[in-house]
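Working notes for the structure below.
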There are 2 protein chains.
Amino acid sequence: MQIASNDAPSATIAEPGLDSQGGTRERILDIALDLFTEQGYEKTSLREIAERLGFSKAAIYYHFASKEDILLALHLRLHQFGADALGTIDEANMSPTVWAALIGQLIGQILEHRALFVFHERNRAAVERLHRERHETEHDDLEARFREVLTNQEIALRDRVRMACAFGAIVGGLVLVGNVFSDVPSSTLGALLREAVDDLLNPRASGRP
Amino acid sequence: MQIASNDAPSATIAEPGLDSQGGTRERILDIALDLFTEQGYEKTSLREIAERLGFSKAAIYYHFASKEDILLALHLRLHQFGADALGTIDEANMSPTVWAALIGQLIGQILEHRALFVFHERNRAAVERLHRERHETEHDDLEARFREVLTNQEIALRDRVRMACAFGAIVGGLVLVGNVFSDVPSSTLGALLREAVDDLLNPRASGRP
DNA sequence: GTCTATATAGGGATAGAC
DNA sequence: GTCTATCCCTATATAGAC
């Protein structure tokens with residue numbers, strides 16, 4: 001598994017002892033992303049991360065104050081990518097059409113940063129605990145904003161359910177069931193997903209309430 | 001959060017010292033389900049579980065050989081409910097229509113055992129590790145069978161993507177985004193979901209390849 | 001079937017040298 | 001910026017009494 005946002009491979013050569021200008025932090029995050037995804041956050045020890053990095057466990061504490069801070073940093077990576085899409089959300093003026101545009105953006109984001117989304121998918125318990133415990137870090141969350149919209153009584157229930165489905169559909173198509181479509185080109189997959197979402201959010205009007 | 005399949009509440013009075021004929025095992029599982037869902041599997045200690053039960057930590061080891069065995073037992077609960085739907089799968093003769101029927105059954109299952117699905121959703125890392133480590137326990141898995149179908153090259157890619165989306169859609173609508181529709185009656189929600197899945201799997205034929 | 005007490009291990013985190 | 005060494009705590013698991 002590989003982070004798409006970073007050119008540097010996760011387990012690479014990377015000039016042992018020379019790249020120390022600041023890339024180390026990112027290397028730690030890349031390796032943590034891999035290990036957290038494979039083994040889960042809690043089952044991954046700092047020792048393992050340090051092992052892959054080639055240096056000792058305690059060195060990590062120079063870059064991160066705690067293990068949880070590594071988790072937080074990874075979560076903030078996602079948040080950053082989601083921020084673009086979030087800007088589009090206008091709770092006051094939401095409709096299936098606006099939602100479709102939002103989901104469309106999200107498809108692009110997920111395709112580009114799939115590893116990051118898979119990581120979140122597999123470590124929901126840990127990430128959500130982080131949210132509860134660090135409510136100071138009120139980095140308004142993607143899903144929180146989603147929830148707001150999906151519970152907005154002014155939108156018809158039927159539409160809201162379909163919005164939730166659209167969200168689930170792309171997560172399902174890209175992340176949920178392993179990597180079943182990993183061999184499909186992103187552009188193809190993206191197009192098929194947009195098509196599907198479109199059918200979901202703009203259903204044929206044929207005589208249903 | 002409450003397990004739907006069991007009449008006994010998760011944290012109840014339950015005749016301390018008298019119900020010892022065998023209901024204790026189920027009570028442990030119910031409480032574990034709650035705690036694992038709230039705090040995550042790894043962050044939940046056996047001591048906490050024992051505390052809620054009203055007796056000591058070590059007593060649990062009379063019923064389960066290890067903490068992991070509790071996880072496994074909960075996973076098997078899900079598997080049992082999924083088994084019905086699984087029986088319907090005929091890999092040799094799969095089509096969007098057959099899939100729709102399958103998903104329809106699954107909607108019912110999830111609605112009935114939502115807590116169990118939420119638990120799995122939030123503890124994927126732990127459950128999937130269990131799968132890898134206990135491959136002897138070849139209780140053929142729901143998602144594994146799904147994967148087989150979704151990678152079957154004989155089915156058009158477009159259809160397979162939509163199947164994955166349909167799966168994701170119901171998971172998204174029921175489990176993924178918190179409990180946004182918890183106040184909606186199951187029958188209403190189920191109907192809306194079936195409708196949405198139908199549109200997804202039987203798209204309007206309007207001039208797309 | 002449940003208890004108390006204890007063994008054992010592992011992981012997060014800190015101090016201080018280099 | 002990284003190392004070694006160590007502290008401290010928590011959690012799983014076991015032994016044996018009741």
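Chain letters run A, B, ... following the sequence lines, proteins first, then strands; residues in each count from 1. Keep in mind that what you see is a predicted model, and the values were worked out from it rather than measured.
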Within this structure, what is the OH-to-P distance between B/Tyr62 and D/dA17, rounded to whole angstrom? 18 Å
When the distance from CD of B/Glu42 to P of D/dT12 is rounded to whole Å, what number comes out? 10 Å
How about A/Phe119 and A/His75: do any of their side-chain heavy atoms sit closer than 4.5 Å? no
Answer yes or no: is there a side-chain heavy-atom contact under 4.5 Å between A/Glu143 and A/Arg124? yes
Would you kindly give the OH-to-P distance between A/Tyr61 and C/dA17, to the nearest whole Å? 21 Å
Could you tell me whether B/Ser56 contacts a base, only the sugar-phosphate backbone, or nothing, with contacts defined as non-hydrogen atoms closer than 4.0 Å? base
Please determine, for the side chain of B/Lys67, which listed nucleotide (D/dA13, D/dT2, C/dT2) has the closest atom? D/dA13
Between CD of A/Glu68 and C1' of C/dG11 the distance, given in whole Å, is 15 Å
Residue whose closest nucleotide on DNA chain C lies nearer the 5' end, A/Ala58 versus A/Lys43: A/Lys43
Between D/dA13 (C1') and B/Ile49 (CD1): distance, integer Å: 14 Å
For the pair made of CZ in B/Arg47 and P in D/dA13, what is the distance, rounded to whole Å? 16 Å
Rounding to an integer number of Å, can you tell me how far B/Ile28 CD1 sits from C/dG1 P? 11 Å
Kindly write out the residues that satisfy side-chain hydrogen bond (donor to acceptor under 3.5 Å, both in side chains) with A/Gln39, not counting sequence neighbours, or none if the list is empty. A/Thr44, A/Glu48
In whole angstroms, how far is the C1' atom of D/dC8 from the NZ atom of A/Lys57? 12 Å
So does B/Lys43 pair up with A/Glu133, basic N to acidic O under 4.0 Å? no
